[in-house]
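What follows is one structure encoded as C-alpha cells, with my remarks underneath.
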Amino acid sequence: MARKFLYVIAALVVLVLAGAVAYRYFGNDLIRMALVPGESYRAQPVAQSHVYDRRILWLARPDIPGNPALWTPAGETPGPAGKGAAVFFIHPTSYVSRDHWNAPIDDPETNDRAALFLRGQASAFNAVGEVWAPRYRQATFGAFLTSAADADRALQAAYRDVSAAFDSFLTQIDRRRPIILAGHSQGALHLTWLLRDRVAKDPRLARRIVAAYVVGWPVSRATDLPSMGLPECAGAEAAGCILSWQSFAEPADPALIVDTYDRTTGFDGRPRRGTPMVCTNPLTGTPNAAAPATANLGTLFPARDLSTADMIAGRVPARCADRGFLLIGTGPDVGPYVLPGNNYHVYDYSLFWANVRADAARRMAAWKARPR
C-alpha cells in the first residue's frame, strides 16, 4: 500500500508537469491547445441519488476491500471500523484528457489516479472516522484553463454527481452520526457549493458537521463565507466550522490565482476583487497565524526511487500572509511537481499530513463535548 501511495507523485506528472513547464516557457495558448477539449460540451444525463447506493460508484467507503483511504505511513493506523465520524471526501481532478469535458464514470485510468489521491489526502482523516469518496464525472483538467461556457457546464455537471452522492451518503450512514466534509482543488470547489446549497439551508445537517476542509481552493471571507452555512474556524478546538489554505513556497507569486479570483463573483453576488481569502494555518488550526517548523508534526516525504514514504516532523513552517495565502518558507523537496509561482498546490495535504490528522481529532472531541 505504501508503494501504491507513492505513485501519487508519479501520477501528478500528468496533472501538473505539462501545464507547469508549458506555462513557464510557452504561455497560456499552448496549455489550452494541449489540454482544453476541442469538442462542444455534451450534456450529461442527471444521476439520481439512488445510483450511489451501489458500492461500485464509490472509490472509498467502509465496505470496499482494499479501501485506498485506509493507507497510513509507518507508525499510524486507521481508527476502529464503525466508529467516529463519517467523512465525505471529494477528490481533486484526475481526468486530464481533452477528449471530453467530463470524465467517463468508468474510465479506469482516471479512477485509478483518483484512488491514489485518496491515499495521500483522505487518509489523513481515517483515524477519526470512515472515509466515503464518490466517483464522479469530474470536469477535465483543461476546464480550469479557459473561460469558455462549456467549462462551466462541465463543472456544474460534475457537481450534480457530487450532490447526488452526498444524498446517498446521508441515507447510508446513521442519521445521528457526525460528519466531516473535505476536498481538494476541484473537489474543494464542489465542497463550497455543497456547503452553500445544502449545509447552509439545513440547520439539522449543519449541527452534524464536525468541520469542513476546503483545501486548495480560494474562499472569500467577504463574499463567500457568509453563504456557506458554517463560520471560519476561529480556534484550534472549534467545531462546526470551515478551514481553508493554499500553499506557496517563498518567494511566492500567486498572480495566476489572484488574477482569476479578482475577476469572479462571490456567492452573495458581489465581486471578489480585493477581498481576503480564508487562511487557516494547518499547523495551529487557527486563522491568520504563523508557526515555526517545530510545530509541524509530520510531512510526507517520498523516497527518490518511490519505494517508500517517510513522515518527518519539524521540516515545514507555515504562516498566513498577504491576501490569505499560506507561505511555507523555502520549499521542501517533496517532489518535482511544483506549479509556477512556487505554488505547492499538489502538496496542500501532504505538507501537513500529521497536523491535519491531529486537527480532525481535536475538532471531533470538541464536537462530542457540545451540549445536545
Side-chain angles (χ1 to χ4, degrees), residues 11-12 14-20 22-23 28 31-47 51-52 57-59 88-118 121-122 133-166 181-198 214-219 224 246 256-257 260-261 263-265 267 339 343 345-346 348:
L12 289 170
V14 182
L15 289 175
V16 301
L17 190 57
Y23 183 86
N28 286 329
I31 298 176
R32 294 190 182 105
M33 185 169 58
L35 296 173
V36 175
E39 69 166 12
S40 296
Y41 174 75
R42 298 179 183 180
Q44 302 293 312
V46 176
V51 304
Y52 279 96
L57 286 179
W58 295 84
L59 292 162
F88 187 78
F89 188 91
I90 313 168
H91 70 76
T93 308
S94 60
Y95 183 62
V96 297
S97 172
R98 66 187 303 268
D99 291 343
H100 306 290
W101 283 99
N102 290 91
I105 196 74
D106 58 352
D107 183 72
E109 183 179 356
T110 297
N111 287 320
D112 287 348
R113 193 178 295 125
L116 294 175
F117 284 123
L118 297 184
Q121 298 180 345
R135 305 175 192 265
Y136 66 100
R137 288 170 292 185
Q138 63 193 269
T140 187
F141 187 64
F144 294 94
L145 303 175
T146 176
S147 59
D150 283 346
D152 184 63
R153 295 185 184 104
L155 286 165
Q156 292 295 334
Y159 173 61
R160 287 193 291 271
D161 279 2
V162 170
S163 183
F166 186 64
L181 301 173
H184 185 249
S185 197
Q186 179 174 169
L189 168 62
H190 296 315
L191 180 51
T192 66
W193 292 342
L194 200 67
L195 287 161
R196 177 196 63 188
D197 297 343
R198 305 297 303 281
V214 185
V215 179
W217 193 263
V219 175
D224 296 331
Q246 301 169 86
L256 290 174
I257 293 175
T260 300
Y261 174 87
R263 291 195 301 268
T264 60
T265 301
F267 289 162
L339 293 168
N343 187 347
H345 175 77
V346 170
D348 280 325

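As the structure is a prediction and not an experimental result, all values here were calculated from the model.
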Gap separating the CG atom of Leu189 from the CG atom of Leu194, nearest 0.5 angstrom:
11.0 Å

Here the gap from Gln156 atom CD to Arg160 atom CZ, rounded to the nearest 0.5 Å, amounts to 7.0 Å

Can you check whether Pro218 reaches Gln246 side chain to side chain, under 4.5 Å on heavy atoms?
yes

Using side-chain heavy atoms (C-beta onward) and a distance below 4.5 Å, is Trp101 in contact with Arg42?
no

Should Thr192 and Asp224 count as side-chain neighbours, where that means a heavy-atom distance under 4.5 Å?
no

Testing the basics here: between Asp348 and Gly216, what is the closest heavy-atom pair and its distance to 0.1 Å?
OD2-CA, 3.4 Å

Across all chains, not counting sequence neighbours, the salt bridge (Lys or Arg N to Asp or Glu O under 4.0 Å) partners of Asp107 are none

CD1 on Ile90 to CG on Leu181, rounded to 0.5 Å
7.5 Å

How close do Trp193 and Leu155 get, heavy atom to heavy atom, and via which atoms?
CZ3-O, 3.8 Å

For residues Ser185 and His345, is any side-chain donor paired with an opposing acceptor at under 3.5 Å?
yes

Does a side-chain heavy-atom distance below 4.5 Å link His91 with Gln138?
yes

Distance only, no hydrogens: is a donor on one side chain within 3.5 Å (strictly under) of an acceptor on the other, for Thr93 and Gln186?
yes

Calculate, to the nearest 0.5 Å, the distance between atoms CZ and CG belonging to Arg196 and Leu191 respectively.
12.0 Å

As an exercise, state the distance from OH of Tyr95 to OH of Tyr136, rounded to the nearest 0.5 Å.
13.5 Å

Shortest non-hydrogen contact from Thr140 toward Val96:
OG1-C, 3.7 Å

Check whether any side-chain heavy atom of Leu256 lies under 4.5 Å from a side-chain heavy atom of Asn343, and answer yes or no.
no

Nearest atoms (heavy-atom pairs only) where Leu59 meets Ala114:
CD1-CB, 3.6 Å

Arg153 meets the salt bridge (Lys or Arg N to Asp or Glu O under 4.0 Å) criterion, sequence neighbours left out, with Asp150

Between CG of Asn111 and OG of Ser94, what distance do you get to the nearest 0.5 Å?
6.5 Å

Work out which heavy atom in Pro92 is nearest to a heavy atom in Phe117; give both atom names and the distance.
CG-CG, 3.8 Å

Do Ser163 and His190 have side chains that approach each other closer than 4.5 Å (heavy atoms only, starting at C-beta)?
no

Indicate yes or no: at least one non-hydrogen side-chain atom of Tyr159 is less than 4.5 angstrom from one of Asp197.
yes

